[in-house]
Amino acid sequence: MDLGCDSTKYEGSMSAERVFAELQTDASTLHASIRLHLERNFSPDARKHLRTFSSTEAADFLGLAPGHLRKLHAENKIPDVPLDERGRKFYSAEDLGQIRLALARNTRDPSLYLRGRVGQEPLQIISCVSFKGGSAKTTTAAYLSQWYALHGYRVLVVDMDPQASLSSMTGLRPEIDFTHKGTIYDAIRYDDPLPMSEVIRKTYFHGLDIAAGGLILSEYETETPYALRRGAEPPFYLRLREAIQSVEANYDLVFIDCPPQLGFLTLSSLVASTSIIIPVVPNFIDVASLAQFLTMTSSLLDTIRDAGMTLDYDFLRYLVSRFEPSDGPQAQVAGLLRANFGKRVMTETFLKSTAVSDAGLTHQTLFEVGRGSMNRNTYDRSMESVNAVARELEQEIHKAWGRL
């Protein structure tokens with residue numbers, strides 16, 4: 001029986017050259033379509049703007065009771081803010097900054113309101129890292145960086161992910177804004193790197209700056225092996241560290257969003273860091289991926305230590321993310337993590353929430369969309385989760401600064 005299994009290729013088969021050519025064509029077509037869509041739907045000069053906050057929200061950010069905030073206004077001890085048409089006060093992030101300065105000037109302990117580092121307290125550089133996509137790594141970096149900015153810290157986020165999702169969440173458009181230059185790649189590239197100060201941009205959040213990511217960061221992964229062979233200095237694992245050190249006087253906290261893979265970009269981030277957060281979705285697939293990631297990471301960091309690098313971290317914490325407390329299997333896996341890692345697993349968790357996912361559809365966070373834009377109970381539960389995680393982490397940061 002002749003089944004036609006001869007040396008003749010299947011009529012629909014494609015040569016490797018044709019596949020590569022079609023992939024390149026598809027990529028160019030898709031990039032052009034995305035660019036056209038963005039240009040049609042977003043004004044070239046359009047930028048996101050942060051909403052104003054109610055007096056209750058403002059009091060929480062300032063660490064005051066709402067009644068105390070009203071009393072301070074009545075006594076003219078803090079700058080006033082205008083009333084809306086219904087006679088209510090709403091506060092911009094800049095208003096909060098001015099009020100903090102006024103409160104700090106009139107207290108024996110300015111650190112109650114100006115909560116950033118003082119004196120010789122070291123810059124905290126915190127990498128959010130995971131081997132697996134979908135672990136809420138970028139969401140964690142976005143929410144924490146915004147929370148600390150709104151609570152009076154000077155914050156820089158560094159987007160080391162070529163997908164640049166965090167950059168998009170800050171209102172930037174990598175497909176349009178960074179076609180030639182302007183990303184963190186320009187500060188760590190091997191040929192004529194730019195000063196870090198030239199790639200940092202202010203965001204629409206008062207006190208929050210960004211060194212953006214972009215597809216060009218993929219070049220760093222391919223260029224580094226050649227740079228290692230020719231002995232480029234500084235080596236790949238020091239380039240981000242030195243770039244951040246050049247601007248450390250301007251910030252209290254740096255959050256690095258790492259790509260979901262263990263390459264040169266992630267290793268550079270880990271070497272630059274003083275602390276590490278590893279978000280983990282509590283299911284067995286993610287935990288198995290975590291085990292592989294930890295094995296590979298420890299081996300590669302050992303290699304870097306053998307090259308003479310001293311790697312000391314103030315803390316390493318596992319953050320249970322996208323957690324559903326009523327889900328029995330998830331609760332079991334979370335318990336497994338706590339049994340194995342003990343206090344390295346954060347007590348507080350980031351809850352899985354339709355409020356967070358709905359806000360994320362428009363590249364926003366709950367700080368931006370506001371309580372009135374969705375179910376208030378859902379919003380409140382989500383914000384309670386964010387606040388609890390950020391405050392627990394704040395204690396670790398203050399320990400690193402020697403305050404606790």
Side-chain angles (χ1 to χ4, degrees), residues 61-63 96-129 141 144-158 160 184 187-188 195-200 202-203 205-211 234-235 237-258 267-277 301 304-305 307-317 343-344 346 389-404:
F61 293 142
L62 295 166
L96 296 177
Q98 292 300 314
I99 291 172
R100 276 196 191 90
L101 290 174
L103 291 170
R105 284 194 295 265
N106 294 292
T107 182
R108 293 181 179 178
D109 185 5
S111 67
L112 290 173
Y113 304 105
L114 302 178
R115 299 159 79 171
R117 63 196 182 104
V118 295
Q120 298 302 309
E121 293 174 343
L123 177 69
Q124 270 292 308
I125 306 170
I126 304 170
S127 276
C128 295
V129 59
L144 290 177
S145 60
Q146 291 180 3
W147 191 94
Y148 288 108
L150 288 169
H151 285 77
Y153 294 86
R154 301 171 301 162
V155 184
L156 170 67
V157 290
V158 180
M160 291 291 281
I184 184 61
I188 62 175
M196 183 68 162
S197 58
E198 293 187 18
V199 304
I200 291 175
K202 292 191 175 300
T203 73
F205 265 78
H206 179 72
L208 177 59
D209 296 346
I210 186 170
Y237 52 83
L238 287 180
R239 302 184 78 84
L240 178 61
R241 183 176 183 171
E242 293 187 3
I244 293 174
Q245 286 176 343
S246 70
V247 296
E248 66 176 326
N250 301 328
Y251 301 102
D252 305 309
L253 306 173
V254 177
F255 287 93
I256 304 176
D257 184 27
C258 301
L267 284 173
S268 298
S269 302
L270 292 175
V271 171
S273 300
T274 61
S275 303
I276 300 172
I277 296 176
L301 289 178
I304 291 176
R305 277 193 291 266
M309 274 296 304
T310 300
L311 297 177
D312 294 316
Y313 295 110
D314 291 318
F315 59 84
L316 162 66
R317 293 291 179 268
K343 292 183 178 179
R344 291 198 301 281
M346 293 182 67
V389 169
R391 288 182 177 125
E392 182 178 344
L393 183 63
E394 186 177 39
Q395 292 184 338
E396 299 294 342
I397 293 168
H398 287 182
K399 285 179 185 176
W401 286 341
R403 297 186 186 179
L404 299 176

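Numbering starts at 1 and runs along the sequence shown. None of the values given here were measured: they were computed from a predicted structure.
- Within the model, atoms NE2 of His398 and OG of Ser111 stand 8.0 Å from one another, a figure rounded to the nearest 0.5 Å.
- Every ring-ring contact (aromatic ring centres under 6.0 Å, His included) that Tyr148 has, sequence neighbours left out, goes to Tyr153, Phe255.
- Side-chain atoms of Ile125 and Ile256, non-hydrogen and from C-beta on, do get closer than 4.5 Å to each other.
- Among residues two or more places apart in sequence or in another chain, the salt bridge (charged side-chain N to carboxylate O under 4.0 Å, His left out) test is passed with Glu248 by none.
- The closest side-chain donor-acceptor pair between Thr107 and Asp109, if any, does not fall under 3.5 angstrom.
- Of the inter-residue distances, the one linking Ile210 atom CD1 with Lys202 atom NZ reads 13.0 Å to the nearest 0.5 angstrom.
- Ion pairing between Arg115 and Glu394 holds under the 4.0 Å rule for side-chain N and carboxylate O.
- Looking at every heavy atom in both residues, Tyr313 comes nearest to Leu270 through OH-O, 2.6 Å.
- Between the side chain of Asp252 and the backbone N or O of Arg154, at least one donor-acceptor pair lies under 3.5 Å.
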Task: Pair Arg100-Leu103, side chain to side chain contact (heavy atoms under 4.5 Å, CB included): steps then yes or no - done: CA-CA 5 Å; Arg100 276 196 191 90; Leu103 291 170; 5.5 Å; no

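- Exactly one of Ser269, Ser268, Ser273 qualifies for a side chain to side chain donor-acceptor pair (under 3.5 Å) with Ser127. That residue is Ser273.
- Between Leu96 and Leu150, the shortest heavy-atom distance links the atoms CD1-O, 4.4 Å.
- Scanning both residues, Ile200 and Tyr251, for their nearest heavy atoms gives CG2-OH, 3.4 Å.
- Residue Leu123 forms a side-chain contact (heavy atoms from CB on, under 4.5 Å) with just one option from Asn250, Ile244, Thr274, Leu253, and that option is Ile244.
- Contact detail for Glu242 and Pro234: the closest heavy-atom pair is OE1-CG, 3.6 Å.
- With a 4.5 Å cut-off on side-chain heavy atoms, Val157 and Phe205 do not count as touching.
- By the ring-ring contact (aromatic ring centres under 6.0 Å, His included) test, His151 is found to be paired with Phe61, Trp147, residues two or more places apart in sequence or in another chain being considered.
- Using a 4.5 Å cut-off on side-chain heavy atoms (C-beta onward), Gln124 and Glu396 make no contact.
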- [ ] Would you sort out whether Trp401 and Val118 count as a side chain to side chain contact (heavy atoms under 4.5 Å, CB included), showing the intermediate values?
- [x] CA-CA 9 Å; Trp401 286 341; Val118 295; over 6 Å; no

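- The distance from the CZ atom of Phe315 to the CE atom of Met346 is 8.0 Å, given to the nearest 0.5 Å.
- In this structure the side chain of Ile397 reaches within 4.5 angstrom of the side chain of Ile126, judged on heavy atoms.
- Checked by atom type and distance alone, the side chain of Arg239 pairs as donor or acceptor with a backbone atom of Ile188 at under 3.5 Å.
- When all heavy atoms of Val199 and Ala187 are compared, the closest pair comes out as CG2-CB, 4.1 Å.
- Atom CG of Asp314 and atom CG of Leu316 lie 11.5 Å apart (nearest 0.5 Å).
- Counting heavy atoms from C-beta on, the side chains of Met196 and Val158 come closer than 4.5 Å.
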